[in-house]
Amino acid sequence: MERILALKEERNAVILAHNYQIPAIQDVADYVGDSLGLARKAQEFDAERIVFCGVYFMAETAAILNPDRKVLIPDPDAGCSLVQTITAEDVRRWKAEHPGAVAVGYVNTTAETKAELDYCCTSSNAVAVVESIDPDTEILFLPDMFLGSWVKNVTGRENMHIWAGECHVHAAIRPETIAAAIEAHPGADLLVHPECGCSSNCLYLSSTGQLKAETHILSTSGMINYAEKSPHDTFLVATEVGILHQLETRAPDKKFVPVSTDAVCEYMKMITTEKLLASLEQDQHRVIVPDEIAERARLAIERMIAIG
Ligand code: 13P
Ligand code: SF4
């Protein structure tokens, strides 16, 4: 850890980490946050190098927003199952089937896919992005179906088509998982990530009073901000378990219970302190997005940064 901190200074680097990273990476980072916070922060620091501790699509987004800086990722194989559910060609075909529609893509997509989008969004501003679009315009929302259905329910937007993609970690968090957790921890607040396979069900049950827990559907940083301010002391957490470290660090007097200890993203865990050290020592692995792709993807990403 000392070597990482010393090299970071020497190399004029900043370390950004997602809330799902292992605790040691979170502790050494200059900033820990959700996808939107990380994209915004990447632009705020003026360091020569950005070492991105997260998955590849996040580092690509930082590279697109910071073409004059070196963006490094400690392991370029850190992928994402959701990203793999759609290609740029799929988006082109889908758009051709719906002329005049606006394509809104979750940030969990490749740079090539983003180049086909009109707007990018993250879980923390997806509702605001959709609400910013003319209500008479058809929307193609991709790639996460659980996030898409939740946004459709919250906004009441009928003219929204949703791609049938999912993240294997969040899709496995089912309504039964939530019901069992509430049963075991009566009185606890429930924090649910909108990518979860239960998010629309939770929204519906909580609006009809059938869910016996105060429920909040939030992005990862949304959960942390909520828990810090809440007067309550126990929270059921429905997302990837890496967030528990950040929750416990930021709200040390409160209790956090994962609804599923199996909710582990193996891609996020591919970033280790050894690989982070090697990345700083050897200036590797540089994330390069071809100019032609970056140019086309930038507008959708900049719209995402500006909204919400
Ligand atoms: P947020 O950090 O934007 O909530 O996204 C969660 C996620 O799964 C990113 O991979
Ligand atoms: Fe992708 Fe899911 Fe892992 Fe997030 S948690 S990086 S969406 S596989």
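For this chain, numbers begin at 1 and follow the sequence in order. Every number for a ligand or one of its atoms is a count from 1 in the order of the listing.
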Side-chain polar contacts of residues 62-74 - donor-acceptor pairs under 3.5 angstrom, sequence neighbours left out - could you list them?
residue : atom : partner : partner atom : Å
Asn66   : OD1  : Arg69   : NH2          : 2.8
Asn66   : ND2  : Ala62   : O            : 2.8
Arg69   : NH1  : Phe45   : O            : 2.7
Arg69   : NH1  : Ala47   : O            : 2.9
Arg69   : NH2  : Ala42   : O            : 2.7
Arg69   : NH2  : Phe45   : O            : 3.0
Lys70   : NZ   : Asp283  : OD2          : 2.5

Practice item. Take Thr239 and Tyr20, measure what side-chain hydrogen bond (donor to acceptor under 3.5 Å, both in side chains) needs, and give me the verdict at the end. Key: CA-CA 9 Å; Thr239 191; Tyr20 297 158; 2.6 Å; yes

Study note, to complete from the structure: Sorted by chain and number, protein N/O/S atoms nearer to atom 2 (Fe) of ligand 2 than 2.8 Å are Cys167 SG

Exercise for review: Report yes if the side chains of Lys8 and Val28 come closer than 4.5 Å at any heavy-atom pair, otherwise no.
Suggested key: no

Revision key, fill the gap. Sequence neighbours excluded, the answer for ring-ring contact (aromatic ring centres under 6.0 Å, His included) partners of Phe235 is Phe256

Check your understanding: Distance only, no hydrogens: is a donor on one side chain within 3.5 Å (strictly under) of an acceptor on the other, for Gln210 and Thr208?
Key -> yes

**Study point:** Between Glu44 and Tyr31, a side-chain donor and acceptor under 3.5 Å
**Key:** no

Point to revise | Heavy-atom side-chain contact between Met304 and Thr122 under 4.5 Å | key: yes

Review point. Is any side-chain heavy atom of Asn108 less than 4.5 Å from a side-chain heavy atom of Cys167?
Key: no

Practice item. Kindly indicate whether the side chain of Met270, heavy atoms from C-beta on, has any atom under 4.5 Å from the side chain of Asp77. Key: yes

Review point. List by chain and number: which residues place a heavy atom under 4.0 Å from ligand 1?
Key: His18, Tyr20, Asp34, Ser35, Met58, Tyr106, Asn108, Ser123, His170, His193, Glu195, Ser219, Thr220, Met268

